[in-house]
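By convention in this document, chain letters (A, B, ...) are assigned in the order of the sequence lines, proteins followed by strands, and residues within each chain are numbered from 1. We use all heavy atoms of the structure for the numbers below, so side chains are in, but hydrogens, waters and symmetry mates are not. Please read these numbers as outputs of a predicted model, since none were measured by experiment.
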There are 2 protein chains.
Amino acid sequence: MSGAEITIGALSEQTGVNIETVRYYERIGLIPPAHRSAGGRRVFDTDDVQRLSFIRRARQLGFSTDEIRSLLDVAKGARACKDAHALAVKHRDAVRASIRDLRRLERTLTEAADRCSKGASPGCAIVEALSH
Amino acid sequence: MSGAEITIGALSEQTGVNIETVRYYERIGLIPPAHRSAGGRRVFDTDDVQRLSFIRRARQLGFSTDEIRSLLDVAKGARACKDAHALAVKHRDAVRASIRDLRRLERTLTEAADRCSKGASPGCAIVEALSH
DNA sequence: GCTTGCTCCTGTAGCCACTACAGGAGTTAA
DNA sequence: TTAACTCCTGTAGTGGCTACAGGAGCAAGC
């Protein structure tokens, strides 16, 4: 029992997580089923705000919902910190690979766009670049 | 009528595009409906190989199927090169933005992972980083 | 001519992480 | 009491594929 009773709308505002997304997280079991008011509405507390904020930050860092499940386990002590470390490193390596790919991509796009704007090519330089 | 009659399997091998994906592209109208053999099977030619290779390269550069539709229009002269240029520049800017985001992300992940492996934090540094 | 094994066909459903309804019910302020 | 608002469930859509199930065409060997 931590603090006030919070509606789903207030929870959404405080955490920046969409109302529909909160319900979705409940549905897939990322957050536990919320308590209900007499009228059947979800009631949250400050613990839920904490948890949802945690999830949101993890999502912003690109962790998948499954990875977040593991991170939440680490947070509540049900799993070793080592696992969180492994996840973070694995994810960071994936991010690094993405950056490398995107850099190459950016170069290719820039080259094509530059040749095009200079009107050096007879046809369209971008179409040309994609044709072989 | 350009060249030999090519099955969907051969087309897939020559272009590196999955068979199911070829059928998917036909379904969404990214490629025109293929001609059929007497037995009802799709028959392709070298023009189709060209087109599909074009599409594949564009996908590898991260263009959406809708953007590729426009690029194909430019390729066949039904749309100005200017439009392709605009698309490429817009896409390149999006890629640049992604790179910036991922760099920040990579830094955050590295910092958290490093603090964790050094065992400097009392709890888990990664969980800590996500908690506020 | 028949069988075996391969390729291909259509149609549907699943993936991820949401997002967007429709149609109804609880809640609050004037 | 009425209006405006928030919330409820359930379902379907997004993009770009991918993965079946259940059937049919086709080529080679016997």
With sequence neighbours excluded, residues passing salt bridge (Lys or Arg N to Asp or Glu O under 4.0 Å) with Arg41(B): none

Whether over 12 other heavy atoms sit under 6.0 Å from Gln60(B) CD: yes

Nearest heavy atoms of Ile6(A) and Ala10(A), plus distance in Å: CG2-CB, 3.6 Å

Distance in angstrom units between Glu5(A) CD and dT28(C) P, rounded: 11 Å

Distance test, side-chain N/O of Arg42(B) to OP1/OP2 of dC8(C), below 4.0 Å: no

For DNA chain D, the residues among residues 6-23 of chain A that have a non-hydrogen atom under 4.0 Å from it: Thr7(A), Ile8(A), Gly9(A), Ile19(A), Arg23(A)

Close side-chain approach of Val49(B) and Ser53(B), heavy atoms under 4.5 Å: yes

Rounded distance (Å) that lies between atom C1' of dT14(D) and atom CD1 of Ile28(B): 13 Å

5' precedence on DNA chain C between Arg36(B) and Tyr25(A) (nearest-nucleotide basis): Arg36(B)

Glu128(A)/Arg115(A) salt bridge by N-O under 4.0 Å criterion: no

Arg56(A) CZ to dA17(C) C1', straight-line distance once rounded to whole Å: 15 Å

Pairwise 5' ranking along DNA chain D for Val43(A) and Arg59(B), keeping only the more 5' one: Val43(A)

Under the side chain to side chain contact (heavy atoms under 4.5 Å, CB included) test, residues paired with Arg92(B) that sit two or more places apart: Glu106(A), Leu109(A), Thr110(A), Val89(B), Arg96(B)

Stepwise side chain to side chain contact (heavy atoms under 4.5 Å, CB included) check, Val17(A) with Ser12(A): CA-CA 5 Å; Val17(A) 176; Ser12(A) 171; 5.7 Å; no

Arg69(A) and its side-chain hydrogen bond (donor to acceptor under 3.5 Å, both in side chains) partner, picked from Thr65(A), Asp66(A), Asp73(A): Asp66(A)

Exercise: identify the closest heavy-atom pair between Cys116(B) and Ala125(B): N-CB, 3.6 Å

Between dC18(C) (P) and Ile55(A) (CD1): distance, integer Å: 10 Å

Arg27(B) CZ to dG11(C) P, straight-line distance once rounded to whole Å: 10 Å

Qualifying ring-ring contact (aromatic ring centres under 6.0 Å, His included) pairs with a residue from residues 65-112 of chain A, counting only residues at least two apart or across chains: Phe63(A)-His91(A)

Minimum side-chain heavy-atom gap Val127(A)-Phe54(B) below 4.5 Å: yes

Residues touching DNA chain D, which here means a heavy atom under 4.0 Å, drawn from residues 86-101 of chain B: none

Rounded distance (Å) that lies between atom C1' of dC18(C) and atom CZ of Phe63(A): 20 Å

Distance, rounded to the nearest Å, where Tyr24(B) contributes OH and dC9(C) contributes P: 18 Å

Contact list (N/O, under 3.5 angstrom) for nucleotides 24-29 of chain D vs protein:
unit_1  : atom_1 : unit_2   : atom_2 : d
dG25(D) : N3     : Arg41(B) : NH2    : 3.0

